[in-house]
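First comes the structure, then the notes that go with it.
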Amino acid sequence: MSDILRQIDEDLQKDRLLAIWKRYGIAIIAIIVLSITFVVGFQIYKSLNKNKNEKIVESYIEFSTINENSLLIEKLGSIRNTDHKMIAGLSRINIANALLEEGNENEAFLKLEEIINNDDSDPVIYDLAIYYYLLSKIDKINEDEFSTFIEKAKHNNSPFKVLFQELDAIKYALSGDKDMSVQILKKIIESDETSNEIKIRSEKFLEIIK
């Protein structure tokens, strides 16, 4: 009887986490996206100073501030095929985000897959595309597919290492493996590599899971 009650409790907790994600998932994604702004901004800064094609970089910066999704998609679409790898990738990622906000998930995922399936993608953009892809589909994608994409990422040597660990913790929680999720979150919180912002967010996730 105790095993049955424990299973019921675990199922209810999993359903609760899924309900929370479905309700607040977009907001959570938006918060997490803010934590990578510095990394991406730094890469743009390097591009602006080192790349001769400064007008493309300037156009991206100008277009990315547009608040209207349809106009943003149109403007960034005009530079998404540029030879500037980072700007081409960032344009596709921003277009994907805009499409997600519009509820056009299939097209958004196709934009991200264009980057993931391109062997010539900038390494930072490549990992960022995988990260966005998994984060946006985390409550829908099965565990095997999730693991396959995680293995594709170069995150162990990238600025997104901790963010991928956080993603793992969220996936375990949504899949019902609370213990593994708690273990990963505690590791994130205790790590010297983790920023204060991510530590605070991980502590919040811990509160929800417990």
Nearest 0.5 Å please: distance from the [atom1] atom of [X] over to the [atom2] atom of [Y].
X: S121; Y: I115; atom1: OG; atom2: CD1; answer: 6.0 Å
X: Y131; Y: I125; atom1: OH; atom2: CD1; answer: 14.5 Å
X: K204; Y: I200; atom1: NZ; atom2: CD1; answer: 8.5 Å
X: D168; Y: I150; atom1: CG; atom2: CD1; answer: 5.0 Å
X: I188; Y: I198; atom1: CD1; atom2: CD1; answer: 8.0 Å
X: I73; Y: S91; atom1: CD1; atom2: OG; answer: 12.0 Å

Restricting to non-hydrogen atoms, name the atom on [X] and the atom on [Y] that form the minimum distance, rounded to 0.1 Å.
X: F164; Y: D127; answer: CZ-O, 3.5 Å
X: I93; Y: A129; answer: CD1-N, 4.0 Å
X: K111; Y: A96; answer: CB-CB, 4.1 Å
X: S136; Y: L100; answer: OG-CD1, 3.3 Å

Considering residues at least two apart in sequence or located in another chain, which fulfil the side-chain contact (heavy atoms from CB on, under 4.5 Å) criterion with [X]?
X: K199; value: T194, N196
X: N81; value: R92
X: K171; value: I138, I141, E143, F146, S175
X: S181; value: A169, Y172, A173, L185, I209

Evaluate L128 against D122 for side chain to side chain contact (heavy atoms under 4.5 Å, CB included), listing each step before the verdict. CA-CA 10 Å; L128 188 56; D122 178 272; over 6 Å; no
Are K178 and V182 close enough, and set up right, to give a side chain to side chain contact (heavy atoms under 4.5 Å, CB included), and what steps lead you there? CA-CA 6 Å; K178 182 184 77 171; V182 168; 4.1 Å; yes
L71 and L99: same hydrophobic cluster, using ILVMFWY side-chain contacts below 4.5 Å?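 Yes, L71 and L99 fall within the same hydrophobic cluster.
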What residues, two or more places apart in sequence or in another chain, satisfy salt bridge (Lys or Arg N to Asp or Glu O under 4.0 Å) together with [X]?
X: E105; value: K140
X: K85; value: D120
X: E193; value: K161

Set of side-chain hydrogen bond (donor to acceptor under 3.5 Å, both in side chains) partners for [X], sequence neighbours left out:
X: E107; result: N104
X: N94; result: Y60
X: E190; result: none
X: E102; result: N69

Between the main-chain N or O of [Y] and the side-chain N or O of [X], is there a donor-acceptor pair closer than 3.5 Å?
X: N118; Y: E114; answer: no
X: S191; Y: K187; answer: no
X: T65; Y: E62; answer: yes

What residue pairs, at least two apart or across chains, pass ring pair (Phe, Tyr, Trp, His ring centres under 6.0 Å) with a residue in residues 101-120?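 As it turns out, the ring pair (Phe, Tyr, Trp, His ring centres under 6.0 Å) pairs with a partner in residues 101-120, which skip direct neighbours, are F109-Y133.
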Assess whether side chain to side chain contact (heavy atoms under 4.5 Å, CB included) is satisfied between L206 and I189, documenting all intermediate values. CA-CA 10 Å; L206 268 178; I189 293 167; 3.5 Å; yes
Full working for side chain to side chain contact (heavy atoms under 4.5 Å, CB included) between I130 and L134: CA-CA 6 Å; I130 291 179; L134 292 177; 4.0 Å; yes
